[in-house]
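The structure appears right after this line, and notes come after that.
Residue numbers start at 1 and run along the sequence shown.
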Amino acid sequence: MESTMIRRLISALFLLLLITVGSSTPTTHWRKRVREPCNKLVFYFHDIIYNGHNAKNATSAIVGAPSWGNKTILAGQNHFGDVVVFDDPITLDNNLHSAPVGRAQGFYIYDKKEIFTSWLGFSFVFNSTEHKGSINFAGADPLMNKTRDISVIGGTGDFFMTRGVATLSTDAFEGEVYFRLRVDINLFECW
């Protein structure tokens, strides 16, 4: 009986020791792990929306419109319901006439009546000697914000399976016919 009590006492002391050691780690404030991007890129893409008179120069067109809209002029109410596809030139600077290094290809959907916003899904398809392959993007674009972040969700070629964040900023806006976006890309997964 005495040996059973000693074993229980030893077990209880051992358990108490484990609990004490486990909870005696120094309290530290957990810091958010900051990762540096493995690649940083900056491009500009230039969107010229077809307006019924510029078919030769247009790089985007309305392919879907609400019943009150049409496919030539963006709908009222913050363009709600319009679906636009694009094949825009990508340049290294903000000059539309600079040599393109690729194409921005995809679509945007104006998705809110109350505020001017859209949802984007597109790829940068590169055709330059510096970059080969594509980078894929998706996300909400609240157009009235100075900068907006969208997700980099993959890629091909030089950007195979890449992940990251692209910060968009409207660099130029000329009515409802032309806009230019600066795209600052920070890649956190590079192969």
Side-chain angles (χ1 to χ4, degrees), residues 37-65 70-75 78-79 82-111 116-187 190:
C38 53
N39 199 351
K40 291 183 176 190
L41 305 161
V42 176
F43 298 102
Y44 293 82
F45 81 85
H46 309 265
D47 192 75
I48 303 169
I49 302 171
Y50 174 69
N51 66 1
H53 308 289
N54 63 347
K56 183 179 176 187
N57 296 328
T59 61
S60 64
I62 302 167
V63 296
N70 64 56
K71 293 183 182 173
T72 306
I73 300 169
L74 291 167
N78 295 312
H79 310 316
D82 283 337
V83 178
V84 179
V85 296
F86 58 90
D87 181 18
D88 297 338
I90 306 168
T91 59
L92 294 173
D93 61 21
N94 63 4
N95 185 344
L96 172 62
H97 303 291
S98 294
V101 295
R103 306 294 290 185
Q105 299 172 328
F107 64 92
Y108 48 95
I109 301 169
Y110 291 101
D111 59 350
F116 194 44
T117 185
S118 66
W119 194 91
L120 301 167
F122 65 97
S123 297
F124 278 1
V125 181
F126 295 99
N127 60 4
S128 68
T129 56
E130 188 174 346
H131 302 293
K132 298 285 186 214
S134 65
I135 302 174
N136 305 315
F137 306 86
D141 184 13
L143 298 162
M144 300 312 290
N145 295 356
K146 183 175 179 170
T147 62
R148 297 86 73 187
D149 290 334
I150 62 172
S151 301
V152 175
I153 58 171
T156 63
D158 294 345
F159 306 101
F160 180 71
M161 293 183 62
T162 194
R163 302 282 185 273
V165 175
T167 301
L168 308 177
S169 56
T170 304
D171 191 58
F173 183 78
E174 296 176 15
E176 295 185 348
V177 177
Y178 172 79
F179 66 84
R180 178 178 60 236
L181 292 181
R182 176 185 165 111
V183 183
D184 291 276
I185 303 169
N186 290 309
L187 301 177
C190 302

[X] [atom1] to [Y] [atom2] distance, which is reported to the nearest 0.5 Å:
| X | Y | atom1 | atom2 | value |
| --- | --- | --- | --- | --- |
| I109 | W119 | CD1 | CH2 | 7.0 Å |
| D149 | T167 | CG | OG1 | 4.0 Å |
| L96 | T59 | CG | OG1 | 8.5 Å |
| R180 | D88 | CZ | CG | 12.5 Å |
| I49 | N57 | CD1 | CG | 13.5 Å |
| F124 | I185 | CZ | CD1 | 5.0 Å |

- prompt: Going by the angle between their ring planes, with limits at 30° and 60°, are Y108 and F179 parallel, tilted or perpendicular?
  reply: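 Taking F179 first and then Y108, their aromatic rings stand perpendicular (interplane angle over 60°).
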Main chain of [Y], side chain of [X]: is a donor-acceptor contact present, judged purely on distance under 3.5 Å?
| X | Y | value |
| --- | --- | --- |
| S151 | G139 | no |
| D158 | K132 | yes |
| D47 | Y178 | no |

At their closest point, which heavy atom of [X] faces which heavy atom of [Y], and how far apart are they?
| X | Y | answer |
| --- | --- | --- |
| A138 | I150 | O-CB, 3.7 Å |
| N127 | P100 | OD1-O, 4.0 Å |
| S134 | F159 | O-CB, 3.4 Å |
| F86 | A104 | CD1-O, 3.2 Å |

| task | Using the test side-chain hydrogen bond (donor to acceptor under 3.5 Å, both in side chains), find all partners of R148 that sit at least two apart in sequence or belong to another chain. | result |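 Partners of R148 under the side-chain hydrogen bond (donor to acceptor under 3.5 Å, both in side chains) test: D141, T170.
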Worksheet entry | By side-chain hydrogen bond (donor to acceptor under 3.5 Å, both in side chains) - contacts of S123 (at least two apart) |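 Residues passing side-chain hydrogen bond (donor to acceptor under 3.5 Å, both in side chains) with S123: N136.
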Neighbour count >12 (heavy atoms, 6.0 Å) for atom CZ, F160 |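 Not buried by this count: 12 neighbours or fewer within 6.0 Å.
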**Report entry** More than 12 heavy atoms of other groups within 6.0 Å of K40 NZ
**Finding:**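 No - once you tally the heavy atoms of other residues, nucleotides and ligands closer than 6.0 Å, there are 12 at most.
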Can you spot which of V183, D184, I135 makes a side chain to side chain contact (heavy atoms under 4.5 Å, CB included) with L41?
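Considering V183, D184, I135, a side chain to side chain contact (heavy atoms under 4.5 Å, CB included) with L41 is found only for I135.
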- Message: Tell me which one of V84, V63, V85 satisfies side chain to side chain contact (heavy atoms under 4.5 Å, CB included) with F107.
- Response: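 Result for side chain to side chain contact (heavy atoms under 4.5 Å, CB included) with F107: V85.
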*Quick one: do R182 and D171 make a salt bridge, cutoff under 4.0 Å?*
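Not counted as a salt bridge, because no side-chain N and carboxylate O are separated by less than 4.0 Å.
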Show your working on side-chain contact (heavy atoms from CB on, under 4.5 Å) between S118 and L143 and close with a plain yes or no. CA-CA 7 Å; S118 66; L143 298 162; 4.2 Å; yes
Would H131 and F43 count as a side-chain contact (heavy atoms from CB on, under 4.5 Å) if you check the C-alpha gap in whole Å, the side-chain angles of each, and the deciding distance to 0.1 Å? CA-CA 12 Å; H131 302 293; F43 298 102; 4.1 Å; yes
**Request:** Return the set of residues passing ring pair (Phe, Tyr, Trp, His ring centres under 6.0 Å) with Y50 (not counting sequence neighbours), or none when no residue passes.
**Result:**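 Here no residue qualifies.
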Worksheet item: Have T91 and H46 got a donor and an acceptor in their side chains that come within less than 3.5 Å?
Response: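 Note: T91 and H46 side chains meet the donor-acceptor criterion.
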